[in-house]
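Below: the structure, in structure tokens.
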Amino acid sequence: KAGVTQTPRYLIKTRGQQVTLSCSPISGHRSVSWYQQTPGQGLQFLFEYFSETQRNKGNFPGRFSGRQFSNSRSEMNVSTLELGDSALYLCASSSQGRNTEAFFGQGTRLTVV
Amino acid sequence: AQSVSQHNHHVILSEAASLELGCNYSYGGTVNLFWYVQYPGQHLQLLLKYFSGDPLVKGIKGFEAEFIKSKFSFNLRKPSVQWSDTAEYFCAVYTSGTYKYIFGTGTRLKVLA
């Protein structure tokens, strides 16, 4: 069973640009969530999608957005990039149900210069 | 607001030493508790999880954790660490209805051979 796949693995962007990151969940998983990981801050929740609906959103500015497609694949977009957006962006998928666990992808390392 | 605290940010141990990493959370309701590990250059992997039942849970690679409800704690233990346990460890809480995991800031463990 394939794991969570995130593309691209690495990105270098310039301030002011926008970026789109992609996540393919484990087959059969309909919940996809995104986290930002930075040294000292740990993992910060960005948003969660289930069946194309955003069910929760973290405390990030509106420049951060996401969506989920009918095949459960998800994308997140960051517009008007700032230096502080440099981080590892992690995608996690899980199956529906009360007692489930999240499976994480390798992440996309975004560097803003 | 819900939060997770990991008391040790950096831990250095010699091989065969015992390990205990502290984790406390703030939430009064029912929670699912997790420990994840991130080996250098790898994705987050689940070490162990607690949903209900026996508060002492065993995970992979000889790790175990004890849920103490009265103390809102979920400490991770291993009787004898190995060099290969060098990694970053994250405690996480999932609460029903929020659709998000709240992570601690992580503990970097370095095991000296």
Side-chain angles (χ1 to χ4, degrees), chain A residues 2-7 9-10 23-26 29-60 66 68 74 87-109, chain B residues 1-10 21-25 27 29-54 57 59-60 65 67 74 87-108:
Chain A
V4 179
T5 304
Q6 291 187 245
T7 56
R9 291 289 312 278
Y10 302 93
C23 172
S24 294
I26 291 172
H29 285 187
R30 294 163 64 192
S31 170
V32 174
S33 51
W34 290 87
Y35 294 83
Q36 181 194 66
Q37 184 179 9
T38 53
Q41 294 286 324
L43 282 79
Q44 302 293 314
F45 172 75
L46 281 156
F47 23 66
E48 190 268 358
Y49 289 88
F50 181 83
S51 292
E52 302 178 68
T53 298
Q54 185 184 89
R55 297 195 294 188
N56 199 356
K57 187 179 192 306
N59 189 25
F60 278 83
Q68 187 181 34
S74 177
L88 180 66
Y89 290 88
L90 295 171
C91 170
S93 77
S94 59
S95 59
Q96 176 66 343
R98 192 168 158 221
N99 293 335
T100 60
E101 66 199 64
F103 294 83
F104 285 83
Q106 296 258 39
T108 294
R109 172 76 61 187
Chain B
Q2 300 157 19
S3 65
V4 176
S5 298
Q6 290 184 240
H7 315 299
N8 317 98
H9 298 296
H10 292 89
L21 301 182
C23 172
N24 286 89
Y25 65 93
Y27 182 72
T30 303
V31 295
N32 292 347
L33 297 161
F34 306 84
W35 276 97
Y36 282 86
V37 60
Q38 191 172 37
Y39 298 103
Q42 296 189 27
H43 64 281
L44 274 168
Q45 301 171 40
L46 183 69
L47 261 185
L48 45 76
K49 58 193 176 188
Y50 173 80
F51 296 144
S52 63
D54 189 344
V57 293
I60 61 171
F67 170 51
F74 190 56
E88 190 161 16
Y89 293 80
F90 293 92
C91 179
V93 167
Y94 183 88
T95 56
S96 176
T98 65
Y99 311 114
K100 68 178 180 181
Y101 293 78
I102 300 172
F103 285 84
T105 52
T107 297
R108 285 187 184 269

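Naming: A, B, ... by sequence-line order, numbering from 1 per chain. Quick caveat: nothing in here was measured; it's all calculated off a predicted structure.
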Evaluation steps, side-chain contact (heavy atoms from CB on, under 4.5 Å), between Tyr36(B) and Glu101(A) | CA-CA 10 Å; Tyr36(B) 282 86; Glu101(A) 66 199 64; 4.2 Å; yes
Okay, side chain of Tyr35(A), backbone of Tyr101(B): is any donor-acceptor separation there less than 3.5 Å?
->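 Flag set: sc Tyr35(A) to bb Tyr101(B) pair under 3.5 Å.
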Atom CZ of Arg108(B): over 12 foreign heavy atoms under 6.0 Å =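 It does not: Arg108(B) CZ has 12 such atoms or fewer within range.
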Over 12 non-hydrogen atoms of neighbours within 6.0 angstrom of CG in Asp54(B) = yes
Show the numbers, then the answer: is there a salt bridge (Lys or Arg N to Asp or Glu O under 4.0 Å) between Glu48(A) and Lys100(B)?
-> CA-CA 7 Å; Glu48(A) 190 268 358; Lys100(B) 68 178 180 181; over 6 Å; no
Structural part of [X] lying under 4.5 Å from a heavy atom of chain A:
X	value
Ser52(B)	neither
Gln38(B)	side chain
Tyr99(B)	both
Thr95(B)	neither

For the ring pair Phe45(A) and Phe103(B), is the centre-to-centre distance below 6.0 Å?
->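 No.
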Could you tell me which portion of Gln41(A) (side chain, backbone, both or neither) has an atom closer than 4.5 angstrom to a non-hydrogen atom of chain B?
->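 Backbone only.
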Quick one: what part of Gln37(A) sits under 4.5 Å from any heavy atom of chain B, side chain, backbone, both or neither?
-> side chain
Carefully, step by step, assess Leu43(A) and Leu44(B) under the rule side-chain contact (heavy atoms from CB on, under 4.5 Å).
-> CA-CA 11 Å; Leu43(A) 282 79; Leu44(B) 274 168; 3.5 Å; yes
With sequence neighbours excluded, tell me which residues meet ring-ring contact (aromatic ring centres under 6.0 Å, His included) with Phe51(B).
-> Phe34(B)
